[in-house]
2 protein chains.
Amino acid sequence: MTGIKDVAQAAGVSVSTVSYVLSGKRTISSQTISKVMDVIDELGYVPNANAQRMRGGRSQIISISEPIRKDMNQIEFSSYFLQTVKHVKSAGYDALLLSGEHEAVDDIRRVGNNNLADGVILLDIETDDIRARRADSYGKPCVAIGYPQERRYCACIDIDFVHMGHMAAQRLFDLGHRVVAALRDLEMHYVRQSSYVILFRDAFLQRAEELGMTVMESGPVEYDTFDPQQYVEDLLGEKQRPTALVSQADAAILNTVLDALALANVSIPDDISVLSCGTYFEAELMKAPISEIPLEPEGLCTKVTDILIDAIENGTDIRGVLELIEPKYVDRGSVSKPRSDFLRQS
Amino acid sequence: MTGIKDVAQAAGVSVSTVSYVLSGKRTISSQTISKVMDVIDELGYVPNANAQRMRGGRSQIISISEPIRKDMNQIEFSSYFLQTVKHVKSAGYDALLLSGEHEAVDDIRRVGNNNLADGVILLDIETDDIRARRADSYGKPCVAIGYPQERRYCACIDIDFVHMGHMAAQRLFDLGHRVVAALRDLEMHYVRQSSYVILFRDAFLQRAEELGMTVMESGPVEYDTFDPQQYVEDLLGEKQRPTALVSQADAAILNTVLDALALANVSIPDDISVLSCGTYFEAELMKAPISEIPLEPEGLCTKVTDILIDAIENGTDIRGVLELIEPKYVDRGSVSKPRSDFLRQS
DNA sequence: CTGAAAGCGCTTACAG
DNA sequence: CTGAAAGCGCTTACAG
């Protein structure tokens, strides 16, 4: 491999001059600069990243910790992960993927204390997340997408799910809905104490109660046991038939419910409004006119990268920072007033 | 940070002894070993990875090049990417994600010539893939999942799609099918010359022709224009009604077709057998009894990692190596003989 | 505006 | 079985 010495020799300057030409940390005569650059081009010189890193400079690598679980929602994974990677790269950093469900903390510590990585992004945060609790031992700044209990050692950024819950309840109430169904997310998220499902659910139920709105919450939802036909049948059999369905369920489950509603000749949004909160859709495949409050992974991932890079490059102390993003309410004109005759039918 | 000097001093040995204790490249007395290890534990010493790498050792990083496209199939992406990462990690390497649709080659070169990465895995290969064509310039061994034209500079590993195509045709023929429908994959894959769609399609059509089986191929399939109802209607309206549907389509599209078949009261597999070749399903959500010839990303990803690590660790020259994996035929008992009265109906 | 030299934290001949 | 020392390819005070 051709090194900095070869370049210096061929250009007839000192090694330090070559280094300064590359870093721009010294004023160099334009003749010297062009001479050096020519030689670099000619020899195809690439600075050895490992030597640069060892000198204490940055590694220009950000590690992304994402527990790879068998039961993970791959669409959701892709959205957050890919978006984050995209922003990390466009900020001039490489992305190192730390998976490891079990040795996650050890892995993060290793690459941090190693100087392999300049910073860490934590994805898929649980309420009591060990990666957040140990964030003081990483030796590098750390930022989480999510809302863990322990936020003293890392920055956290998330959608404001409390606001989202209130918003959903208020919106339906304002339109005149008084009885609404709530379709739960996959049960594992509650078991795992993922903060977003819990914050949203609590906020929604609380505001609904304040408003005097009746909420019929579904039972636990799991892929292999959930029966959409039965669910829809039960809803329609209620004495007080709900006029809206608020879903926190994942897209696949919600899709099966939409199909079941269609089969039961319940039309959306004429008979029942469907409001999906924070679910990902492959929009082209979603035929029913549902409304959604989207998660906007794009906005989140930009922000999380910006915060981390500020800490890396400017030494800003981001520990304890909490940033909540307002969910945008997107109404495709399909959350409507409840139809009175549908109400009476029940 | 505590360095190797601190450990040496605290343990009362030389720096080189500490290094050899860690590397195991020298026989050391057990007393010295335990003394050194104790100190390492006590001080929490972690070798500086950048210094280790600079000394010419390996970086223990494998870079994974995956063009992140807006239109990518995220399920498929996840399957290959996550599986590959899993195997890379369990082999003791970290995974660096190189996305970049445009500067992919530059990125790979950089991390290769840099010594940042020890090797490269190329995912999502096209027939004329620039990343494969330039693989001689990476300075590190390279292996691709896929089947590019230019295979001189990297190892390639793929499912044997030709065999898969023959298998699918032969299987249906043996069961007695004489008229079958073929549902194309998303058009972009043909436009992009992804080898798997082309190899499969050609092989299937060729064997079908040899056997004298009639194949009705669908028109181009795209998310925003494909109309499953219309497609099913057209199929049922054919003079010679097909008794089997071979699908290379992605799961979402195939799902809509299954729904449309159900709505048209065409029962699977009684009226029509459905054979999905290499599509990913979220199996729990797939109600219809279809059969599939799966892609087995697991087997592929293990193999690709093994080959690359052999090159990295043993210096094996893997350029030009081509390994084809036999697709496994999975029949859930749902590719059946054509029903004669359904045939007569047409 | 530029150069000679120290040193980053390791590994590995070289020497015993 | 162990140590003293050279050197990996850079960056950055130090000096002019």
Side-chain angles (χ1 to χ4, degrees), chain A residues 1-37 39-40 43-61 110-118 139-140 313, chain B residues 1-37 39-40 43-61 110-118 139-140 313:
Chain A
M1 289 306 304
T2 113
I4 197 171
K5 276 186 203 163
D6 305 302
V7 176
Q9 196 171 1
V13 298
S14 74
V15 164
S16 57
T17 298
V18 176
S19 177
Y20 283 118
V21 165
L22 257 0
S23 71
K25 292 190 179 174
R26 209 187 225 183
T27 39
I28 312 252
S29 73
S30 52
Q31 312 129 51
T32 307
I33 291 184
S34 59
K35 196 168 52 182
V36 170
M37 292 310 278
V39 173
I40 287 177
L43 301 184
Y45 166 68
V46 182
N48 182 314
N50 297 307
Q52 290 183 307
R53 274 195 281 278
M54 201 200 61
R55 290 292 292 105
R58 278 183 245 119
S59 68
Q60 295 293 121
I61 293 180
R110 176 174 58 84
V111 301
N113 294 318
N114 249 356
N115 294 317
L116 212 187
D118 294 331
K140 291 288 181 302
E313 300 189 351
Chain B
M1 288 306 304
T2 112
I4 197 170
K5 276 187 203 162
D6 305 302
V7 176
Q9 195 170 2
V13 298
S14 74
V15 163
S16 56
T17 299
V18 177
S19 177
Y20 282 118
V21 166
L22 257 1
S23 71
K25 292 190 178 175
R26 212 188 222 183
T27 38
I28 313 253
S29 73
S30 52
Q31 313 130 51
T32 307
I33 291 183
S34 60
K35 195 168 52 182
V36 170
M37 292 311 277
V39 173
I40 286 176
L43 301 184
Y45 166 68
V46 182
N48 182 313
N50 297 307
Q52 290 183 306
R53 273 196 281 278
M54 201 200 61
R55 291 291 292 106
R58 277 182 247 120
S59 68
Q60 295 293 119
I61 293 180
R110 176 176 57 85
V111 302
N113 294 319
N114 250 358
N115 294 317
L116 212 187
D118 294 332
K140 292 288 181 299
E313 300 189 350

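Given the structure is predicted, the values throughout are model-derived calculations rather than measurements. Lettering follows sequence order; numbering is per chain, from 1.
- At a threshold of 4.0 angstrom between heavy atoms, the contacts of S29(B) are confined to the sugar-phosphate backbone, with no base atom among them.
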Which donor-acceptor pairs under 3.5 Å do side chains of residues 44-59 of chain A form with protein atoms, sequence neighbours excluded?
{"from": "N48(A)", "atom 1": "OD1", "to": "N50(A)", "atom 2": "N", "distance (Å)": "2.7"}
{"from": "N48(A)", "atom 1": "OD1", "to": "A51(A)", "atom 2": "N", "distance (Å)": "3.1"}
{"from": "N50(A)", "atom 1": "OD1", "to": "R53(A)", "atom 2": "NH2", "distance (Å)": "3.0"}
{"from": "N50(A)", "atom 1": "OD1", "to": "R53(B)", "atom 2": "NE", "distance (Å)": "3.0"}
{"from": "N50(A)", "atom 1": "ND2", "to": "N114(B)", "atom 2": "O", "distance (Å)": "3.4"}
{"from": "N50(A)", "atom 1": "ND2", "to": "N115(B)", "atom 2": "O", "distance (Å)": "3.0"}
{"from": "R53(A)", "atom 1": "NE", "to": "N50(B)", "atom 2": "OD1", "distance (Å)": "2.9"}
{"from": "R53(A)", "atom 1": "NH1", "to": "S59(A)", "atom 2": "O", "distance (Å)": "3.3"}
{"from": "R58(A)", "atom 1": "NH1", "to": "Q60(A)", "atom 2": "OE1", "distance (Å)": "3.3"}
{"from": "S59(A)", "atom 1": "OG", "to": "I61(A)", "atom 2": "N", "distance (Å)": "3.2"}
{"from": "S59(A)", "atom 1": "OG", "to": "L116(A)", "atom 2": "O", "distance (Å)": "2.7"}
{"from": "S59(A)", "atom 1": "OG", "to": "D118(A)", "atom 2": "OD1", "distance (Å)": "3.2"}

Output a table of donor-acceptor pairs, distance under 3.5 Å, between side-chain atoms of residues 17-24 of chain A and any protein atom two or more places apart or on a different chain; print 'none' if there are none.
{"from": "T17(A)", "atom 1": "OG1", "to": "S14(A)", "atom 2": "OG", "distance (Å)": "3.1"}
{"from": "S23(A)", "atom 1": "OG", "to": "S19(A)", "atom 2": "O", "distance (Å)": "3.4"}
{"from": "S23(A)", "atom 1": "OG", "to": "K25(A)", "atom 2": "N", "distance (Å)": "3.3"}

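- Within 4.0 Å (heavy atoms only), T17(B) reaches sugar-phosphate atoms of the nucleic acid but no base atom.
- With both ends at atom P, the span from dC14(C) to dC10(C) equals 23 Å, rounded to whole Å.
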Seminar exercise, completed: Read 5' to 3' with Watson-Crick or G-U pairs under 3.5 Å, [ ] for crossing pairs and | for partners on another strand, DNA chain D gives |||.||||||||.|||
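- Here V15(B) lies in heavy-atom contact (under 4.0 Å) with a base.
- Chain A approaches DNA chain C within less than 4.0 angstrom (heavy atoms of the protein), and the contacting nucleotides run 5' to 3' from dC1(C) to dG9(C).
- More than 12 heavy atoms of other residues, nucleotides or ligands sit less than 6.0 Å from atom CD of E313(A).
- In this view, S34(A) satisfies the side chain to side chain contact (heavy atoms under 4.5 Å, CB included) rule with no residue, not counting sequence neighbours.
- Position along DNA chain C of the nearest nucleotide to V18(B) versus I28(A) favours I28(A) as the more 5'-ward residue.
- R110(B) is linked by a salt bridge (Lys or Arg N to Asp or Glu O under 4.0 Å) to D94(A), D107(B), counting only residues two or more places apart in sequence or in another chain.
- Contacts of T32(A) with the nucleic acid, taken as non-hydrogen atoms under 4.0 Å apart, involve only primed sugar atoms and P, OP1 or OP2.
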